[in-house]
Amino acid sequence: MKNPTPASTTSCTPAAARSVLWCVFVVMLLGVQAVSAKKIVFPSSGNPTCPGNRLHKITLVQSNYVQYSEFVTPVPALRAVSTCFWMTVQDANRAATPLNYAVDEQDNTDNLTVQYRPSEGSWTLNINGVRVYTARAVPLTPQRWHHLCHSWDGATGQWSVWQDGSLMDSGVNTRSIGTEIPAGGTMVTGQHQNTLANMGMDAGEGLTGSLTLLHVSSTPLGNPQSYPTLRLVQHLATDCTATDRGDVVGWLRTPTRGYGGVLQEVAFQNCGRF
Ligand SMILES: *[C@@H]1O[C@H](CO)[C@@H](O)[C@H](O)[C@H]1NC(C)=O
């Protein structure tokens, strides 16, 4: 699962001319896999591909093979984390794992895991194998795009979960204070990394649906009760332009490696109608 990656493939910023050339090369290699100029069906694994300047979305169906997308980038140690993303689910009752990060292949599950568990009516965050929160979930409407944000601050223990620009749940987990998510692991979207079974993935927790504009930041969203935080999340939920965000993972910047036939398509920069 963790293939060493040349440094030149870990960034796609326009400033890094070498990376851009590499990206062009990778895109040419992937050209043979492309259904059309606008659609890429990733092979089971392969070279990382760069997001490019246009907004894209990915779709996972989890049939026959587990499907997920790996963010090919070095992940630093994190003492706080926030992630926002747009997601649709195909099936109202199926669990989904929009974000998972694992460090150790032998114990390869939960250094950071954000999961939607509709059967329990909850969103969960696990860090280093420990549950940080079980938040109330408002059910996602199948086939509809929803904007989600999750935030945890290891300095205060404060966490929050947002859906479509509104605060869904928040709290303080004092036991999580001082926890550090270790550096150097593998971050994926769409699946929960596990040891051995299903190519190291847990088939039952894989997303069937689509994702776009997924960003991961090393800073928390801020006090969930404060007006500036609400305004920030509302802004993120209504600005769907191809804007570079997320210092850990940037949807428009971080190269990905798709597994199992992940479909990548160009998306409209139009919230909820990608
Ligand atoms: C990573 O997560 C696993 C649980 O899946 C945990 O046992 C391990 O201690 C974590 N690593 C670190 C360095 O905290």
Side-chain angles (χ1 to χ4, degrees), residues 1-5 10 45 60 62 66-83 85 87 94-120 122-135 137 148-161 171-207 211 214-221 246-249 254 256-257 259-260:
M1 217 178 309
K2 280 183 266 178
N3 304 324
T5 308
T10 57
S45 62
L60 302 90
Q62 311 293 350
V66 290
Q67 296 179 328
Y68 64 101
S69 185
E70 174 190 343
F71 297 108
V72 184
T73 189
V75 175
L78 298 168
R79 294 180 162 274
V81 68
S82 61
T83 181
F85 50 89
M87 183 168 104
R94 189 187 160 106
T97 310
L99 191 67
N100 174 239
Y101 173 69
V103 172
D104 185 347
E105 288 202 34
Q106 300 310 310
D107 189 0
N108 197 2
T109 55
D110 265 337
N111 295 99
L112 173 63
T113 305
V114 175
Q115 267 186 344
Y116 176 54
R117 299 164 179 259
S119 62
E120 293 154 34
S122 61
W123 282 96
T124 58
L125 175 77
N126 278 21
I127 292 178
N128 295 342
V130 177
R131 179 67 52 88
V132 173
Y133 59 74
T134 302
L148 285 315
C149 288
H150 289 255
S151 174
W152 165 76
D153 184 354
T156 60
Q158 192 162 55
W159 58 267
S160 58
V161 178
V172 174
N173 180 334
T174 50
R175 279 171 304 133
S176 74
I177 293 173
T179 303
E180 182 178 278
I181 301 165
T186 302
M187 194 169 276
V188 306
T189 184
Q191 281 286 351
H192 186 208
Q193 301 177 76
N194 261 338
T195 315
L196 296 178
N198 294 310
M199 308 185 318
M201 293 289 156
D202 192 325
E205 294 166 355
L207 168 70
L211 281 159
L214 186 154
H215 301 109
V216 182
S217 302
S218 61
T219 49
L221 283 172
D247 61 325
V248 179
V249 164
T254 305
T256 53
R257 193 184 277 124
Y259 290 82

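Both counts, for ligands and for their atoms, begin at 1 and track the order of listing. All values below were derived from every heavy atom in this structure, side-chain atoms included, with hydrogens, water molecules and symmetry-related copies excluded. We're numbering straight along the sequence, starting at 1. Since we're looking at a predicted model, the values are computed, not measured.
A distance-only check finds no donor-acceptor pair linking the side chain of Thr113 to the backbone of Asn100 [under 3.5 Å].
Applying side-chain hydrogen bond (donor to acceptor under 3.5 Å, both in side chains) to Gln115 and the options Thr97, Thr134, Asp110, Asn126 leaves one that passes, Thr97. With Phe85 as the fixed residue, the side-chain contact (heavy atoms from CB on, under 4.5 Å) test singles out one of Val216, Leu214, Val249: Leu214.
Other residues, nucleotides and ligands place more than 12 heavy atoms under 6.0 Å from the CZ atom of Arg131.
Annotation for ligand 1: atoms under 4.0 Å from non-hydrogen atoms of Pro182 are 11 (N), 12 (C), 13 (C). Every atom of ligand 1 is numbered from 1 in the order shown, and the set under 4.0 Å from a heavy atom of Gly129 is 4 (C).
For atom 3 (C) of ligand 1, the choice among Thr179, Asp110, Asn111, Ile181 with the nearest heavy atom turns out to be Asn111.
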